[in-house]
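Below you'll find the structure, written out as structure tokens, and then a few comments.
The figures that follow rest on heavy atoms only: side chains count, while hydrogens, waters and symmetry mates do not.
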Amino acid sequence: MQESGTGTAPEFSVSWSDYASTTSDHTWTLTDLQVLHELRTPIVVIVFGVVESNHSPGGLLHTARCVFQSSEALKRFGLPLPAHVFSEDLEHLPANDCKIRRDWITKIMLGKGQGFRSRIDLHQMLGSMFEDVNKMPHALARLDSKPIRMQTAASKVELAVLHVIEAEPSSADMGAMCERNPLHSFMFDAHGKLLNANKAAFEAFQSFPPDPVADRHITLKQLFQLGYYPGGQEEAQAAYEEAYNDIFNLNLDCHKHPQPHKSRKDGTIRWEMIEMWPMQDPINTSPAVLVKKYDITAQKDLELKLSIQQQELQRQNQELERYSASVVEDKVRLQEQADSLSQRLEAVLHDKFERKSFDADTPIDKTLAYLQSVIQGSSPPVQAALDLYHILSESGTDLRQPIGLKAQLLHEYSLDADVGQSMLQLLQGARQAEAPFTDSGVAASGQAEAADEALVHRTSSLANGSLMPSITPALERHLQDAGSSWQFDIFAFAEETPGNTLSLLAMHFYQQSGLLQHYKVCERRLWRFVQRIESGYVASNPYHNSVHVASVLQMAHMLLTHGGIRQSNAMNMMEVYGTYWSAITHDFEHGGLNNDFLIRTYHPLAICYNDQSPLENHHLAAAARIAMSPDFCQLFEGFSSEEALQSRKLVINMVLGTDMKKHFDIVSRFQAAFKKASSSGNSTTDIDWAAVKTEDKTLMHQMLLKCADIGHLAADVSTHKRWAYQLEEEFFRQGDKEKACGLTVSPLMDREHAGGMTRSQLGFLNIVGIPLFKAMAELFEGTQPMLDGVLANYRQWEAAARASEATTK
């Protein structure tokens with residue numbers, strides 16, 4: 001028997017449990033093995049074991065039983081013999097044969113699930129296991145063996161060996177085959193001496209006598225020396241040594257060597273393949289090698305032609321790939337241009353037809369347009385100049401509010417009375433004519449203050465401690481989505497992170513942006529700060545709560561990273577830091593009541609800030625007091641004095657800009673400042689942002705936070721509508737307080753007259769939402785997906801309005 005593999009095998013008497021770790025973890029069942037019946041190769045599964053026996057030497061009896069044999073194995077080897085036959089045979093074997101058998105089994109078990117290949121005598125190894133093996137003529141067989149775990153009963157798993165058996169032809173068969181084979185066949189012993197050769201081999205070498213037994217001077221080494229090697233005899237010797245080592249030392253199944261020859265007729269190179277297989281001398285069973293030589297010149301020529309053709313095909317494929325990539329790039333570019341033009345056309349058509357007669361131009365806008373037409377050589381009508389003169393000469397004209405805003409919203413524009421009044425109150429701060437210093441007015445102020453006692457100096461303690469919660473795989477997926485999706489599902493994220501929604505999102509963005517490393521911010525201290533800020537948002541507010549703020553922060557991040565702002569270098573690291581800070585604190589300690597309510601009720605915040613954006617001023621001041629406290633003032637240690645002042649100024653401007661009373665002023669100034677860049681069609685990457693005036697950059701900062709603040713307009717339909725109805729509920733709650741205070745209920749805030757959501761959303765989108773997002777997308781083309789989402793939601797409300805009208809009719 002000859003084996004492949006190395007290592008010293010332990011004695012077979014060692015417990016089989018010692019090898020349990022060497023098999024794979026899979027446990028096979030008889031059902032799993034049924035598919036092996038379809039193969040034409042004999043396959044058997046044997047369970048070897050050791051049991052105690054008083055009649056055996058050492059008190060141990062070695063057993064082997066077949067638990068599975070394929071159909072081909074049954075046909076060739078017959079039925080399995082009882083287990084005791086193997087045991088008895090093993091006990092009567094000579095010591096050396098017994099050791100050979102035990103070593104063979106042990107080496108298989110040491111295969112560690114990788115398999116073990118060996119060449120065996122079927123009679124010697126399997127004769128005591130199957131009833132027909134000993135009836136067969138003596139023959140060698142190749143075995144591929146592998147230890148496996150086998151379930152042999154319902155609750156019993158045993159260690160077994162799976163054998164794949166391939167019989168080798170007998171010596172007589174091999175001799176006959178070799179003699180008739182047209183290929184050159186030789187047999188050499190381990191010393192390289194010729195043992196046998198077929199007729200074709202001797203005819204090819206006419207210098208050799210026809211009787212292979214009479215002259216055996218042909219050697220294995222000579223076969224290699226006959227080749228025409230570029231390296232001469234040194235290369236021939238190296239080829240011979242490699243072949244000898246593979247066959248007689250490494251016991252490889254086969255060795256192949258392509259050998260070049262030079263033709264004596266025309267000097268061309270032809271090729272022969274030398275194939276070698278290890279075997280045994282059929283006479284004395286000593287190691288030998290079977291060698292076959294055959295012509296492969298045509299094959300080599302074909303390989304050369306195929307190689308040349310393959311190189312040519314590769315070159316052509318590379319050219320096609322480059323052309324295809326160019327076509328794809330052109331297609332993508334054209335599609336992007338088509339989409340952009342389509343969206344712009346939709347926005348223009350919306351301005352022209354949907355908004356009907358609403359004129360959002362301010363006196364400054366009309367004046368600039370008039371002057372531009374004059375500069376370009378046009379002759380504007382005299383009436384246009386007179387109209388501008390009258391508008392600008394009126395003492396009450398607000399240069400940054402649409403001309404006749406009140407008249408447009410209440411009379412000229414197609415809004416019903418409640419929606420018009422609501423829009424006017426939102427954008428201009430229309431106040432009811434209520435006496436402030438009457439007894440009822442004082443009572444109203446007191447009731448409002450009591451009803452909103454959580455608004456001023458709210459001192460919620462941290463709910464979740466100073467340590468960040470662990471990030472689960474599901475949470476990690478949410479955070480990755482938050483950093484890349486224009487329609488992030490903030491409500492699903494909030495359900496996974498109760499009490500930490502804003503804090504986790506803020507920490508994720510600060511970490512991903514590199515700001516913590518850049519300014520050397522202590523991560524734990526920043527976590528405690530954002531936790532403190534999150535605790536300052538009133539969870540019972542339907543709309544102005546920490547989930548809304550997290551949504552604003554996520555949209556601000558998208559505008560920065562995917563909207564083209566950071567890519568165009570429109571913001572430096574300090575400005576990015578301030579943008580995140582502004583988003584996190586922009587509604588801090590919001591009580592669910594708007595500025596008009598605070599002003600009408602003489603709320604302490606309105607008095608403190610002289611009716612000027614009381615909410616926004618309080619958000620800034622309250623958050624700043626916490627940031628400046630001894631616990632958190634170290635957050636700015638990495639800032640220079642100039643950076644700290646600039647960052648504070650940026651945050652103040654951005655948060656104050658969220659007061660809707662300043663909406664038209666900011667949008668008008670923004671469009672005027674960047675009109676040239678957006679109308680020229682140039683990319684924002686072409687703008688030298690370092691040369692842009694500070695005032696104009698401030699407008700860009702404010703526009704970013706304004707878009708993020710009402711970013712739910714761009715969310716998917718279900719998320720947007722959920723926010724819209726939660727805002728409506730917050731309005732209704734303010735209306736309830738206004739009733740309790742004896743005040744006139746603000747438009748669209750009386751829950752007894754519900755149903756104006758569709759009408760109010762259409763009005764808000766027409767007058768505020770779409771123009772705002774459109775102005776941003778004109779400067780930063782990367783924000784187009786945001787505008788697309790706004791237009792999609794507008795169409796949903798429009799369809800709902802048509803359905804409502806049809807139902808009413």
Side-chain angles (χ1 to χ4, degrees), residues 401 405-411 413 415-438 440-455 538 540-545 548 587 590-607 609 611-616 618 658-664 709-710 723-769:
Q401 288 282 355
L405 177 62
K406 181 176 181 179
Q408 288 194 79
L409 291 177
L410 299 183
H411 306 294
Y413 191 63
L415 295 174
D416 62 26
D418 285 344
V419 175
Q421 286 285 355
S422 176
M423 291 297 299
L424 188 63
Q425 182 175 338
L426 174 70
L427 299 168
Q428 203 174 57
R431 297 171 63 178
Q432 303 296 328
E434 292 158 333
F437 293 106
T438 62
S440 61
V442 174
S445 177
Q447 292 172 24
E449 186 174 352
D452 193 34
E453 59 184 9
L455 179 61
V538 183
S540 60
N541 285 346
Y543 184 83
H544 288 98
N545 51 46
H548 158 70
D587 274 336
H590 197 298
L593 303 168
N594 63 21
N595 279 333
D596 289 299
F597 181 90
L598 303 184
I599 294 171
R600 289 168 61 197
T601 60
Y602 296 90
H603 193 282
L605 289 184
I607 295 172
Y609 298 110
D611 294 351
Q612 301 300 307
S613 305
L615 278 175
E616 289 73 21
H618 174 70
T658 60
D659 186 352
M660 289 303 296
K661 307 301 184 294
K662 302 178 181 180
H663 172 76
F664 287 114
D709 196 19
I710 56 174
W723 279 124
Y725 285 110
Q726 288 184 196
L727 179 60
E728 183 181 50
E729 173 57 28
E730 193 165 292
F731 285 168
F732 287 158
R733 293 186 184 185
Q734 177 171 319
D736 295 341
K737 290 185 179 182
E738 289 173 341
K739 288 181 181 179
C741 294
L743 301 175
T744 303
V745 179
S746 299
L748 299 181
M749 294 191 181
D750 191 344
R751 66 172 69 250
E752 294 180 2
H753 299 87
M757 175 55 67
T758 300
R759 292 177 286 115
S760 66
Q761 284 299 104
L762 283 174
F764 184 79
L765 283 162
N766 268 322
I767 298 170
V768 176

Hey, is the main chain of [Y] close enough, under 3.5 Å, to the side chain of [X] for a donor-acceptor pair?
{"X": "E729", "Y": "P542", "value": "no"}
{"X": "R733", "Y": "N541", "value": "no"}
{"X": "Q761", "Y": "A724", "value": "no"}
{"X": "E738", "Y": "L743", "value": "no"}

Nearest non-hydrogen partners of [X] and [Y], listed with the distance:
{"X": "F731", "Y": "L748", "value": "CB-O, 4.2 Å"}
{"X": "W723", "Y": "N545", "value": "CH2-OD1, 4.2 Å"}
{"X": "I599", "Y": "P614", "value": "CG1-CG, 4.4 Å"}
{"X": "Q734", "Y": "F597", "value": "NE2-CB, 3.5 Å"}

- Query: So H590 and H544, would you call those rings parallel, tilted or perpendicular, with 30° and 60° as cut-offs?
  - Reply: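 Answer is parallel, since the angle falls under 30°.
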- Non-neighbouring partners of D750 that pass salt bridge (charged side-chain N to carboxylate O under 4.0 Å, His left out), sequence neighbours left out: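 Residues passing salt bridge (charged side-chain N to carboxylate O under 4.0 Å, His left out) with D750: K739.
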- Less than 4.0 Å between a side-chain N and a carboxylate O, is that true for R751 and E728?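 R751 and E728: not salt-bridged.
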- side chain to side chain donor-acceptor pair (under 3.5 Å) partners for N595, two or more places apart: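 Expected list: E616.
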